[in-house]
S.K.: 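The structure follows.
Starting from 1, each residue takes its place in the sequence as its number. Excluded from the calculations below are hydrogen atoms, water molecules and symmetry mates; all remaining heavy atoms, backbone and side chain alike, are included. This one's a predicted model, so the numbers in the text were calculated from it and none came from an experiment.
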Amino acid sequence: MDNKLYYGDTTAAPPNLADGYKGGYLIANNPDFVTDVMERETMIVMPQSIFAFELSLAGTKKAIEAARECNASLTN
């Protein structure tokens, strides 16, 4: 993103998620990754086994903010 490279391991979500949701998660090597994802509209993904592709980050900022709020409510 913006000439920054992040490396990490990805895991696909199971195919039977509720309400037709799909996706996965990534464990990144840099804490700035989350901030960069929140501030961008797209990112280029370069998997080891297939060609690079552009990934929409639409809704990512709201999702991260909601997850943070949820986590904060659990610790109070």
Side-chain angles (χ1 to χ4, degrees):
M1 290 180 281
D2 292 337
N3 295 320
K4 294 180 188 175
L5 291 176
Y6 292 102
Y7 299 91
D9 295 320
T10 60
T11 301
N16 58 345
L17 294 175
D19 299 326
Y21 285 101
K22 57 184 176 179
Y25 61 90
L26 167 79
I27 300 174
N29 68 328
N30 186 320
D32 293 336
F33 177 75
V34 174
T35 302
D36 282 345
V37 166
M38 290 175 70
E39 295 174 355
R40 305 299 183 291
E41 294 180 19
T42 62
M43 74 176 178
I44 303 296
V45 179
M46 295 179 287
Q48 291 179 333
S49 60
I50 59 174
F51 296 105
F53 59 93
E54 186 171 273
L55 179 67
S56 171
L57 299 174
T60 303
K61 182 175 182 175
K62 285 184 180 182
I64 292 170
E65 289 171 345
R68 287 178 173 170
E69 287 177 21
C70 180
N71 287 339
S73 73
L74 297 174
T75 60
N76 293 330

S.K.: Which atom pairs, donor and acceptor, lie under 3.5 Å between side-chain atoms of residues 58-66 and protein residues at least two apart or in another chain?
M.R.:
from  : atom 1 : to    : atom 2 : distance (Å)
Thr60 : OG1    : Leu57 : O      : 2.7

S.K.: Please check if atom OH in Tyr7 has more than 12 non-hydrogen atoms from other residues, nucleotides or ligands closer than 6.0 Å.
M.R.: no

S.K.: How far apart are the closest heavy atoms of Ala52 and Pro47, and which atoms are they?
M.R.: CA-CD, 4.3 Å

S.K.: Are Leu55 and Val37 connected into the same hydrophobic cluster when the rule is that any two of I, L, V, M, F, W, Y join if their side-chain heavy atoms are below 4.5 Å apart?
M.R.: yes

S.K.: Name all residues meeting the salt bridge (charged side-chain N to carboxylate O under 4.0 Å, His left out) criterion together with Asp36; count only those two or more places apart in sequence or in a different chain, and write none if there are none.
M.R.: Lys4, Arg40

S.K.: Going only through I, L, V, M, F, W and Y residues with side-chain contacts under 4.5 Å, is there a path from Val34 to Leu5?
M.R.: no

S.K.: Rounded to the nearest 0.5 Å, how far does CZ of Phe51 lie from CE of Met46?
M.R.: 14.0 Å

S.K.: Check the hydrophobic clustering (I, L, V, M, F, W, Y; side-chain heavy atoms under 4.5 Å; chains of links allowed) and say if Ile44 and Phe33 are grouped together.
M.R.: no

S.K.: Nearest 0.5 Å, what's the CG-OG1 distance between Asn30 and Thr35?
M.R.: 9.5 Å

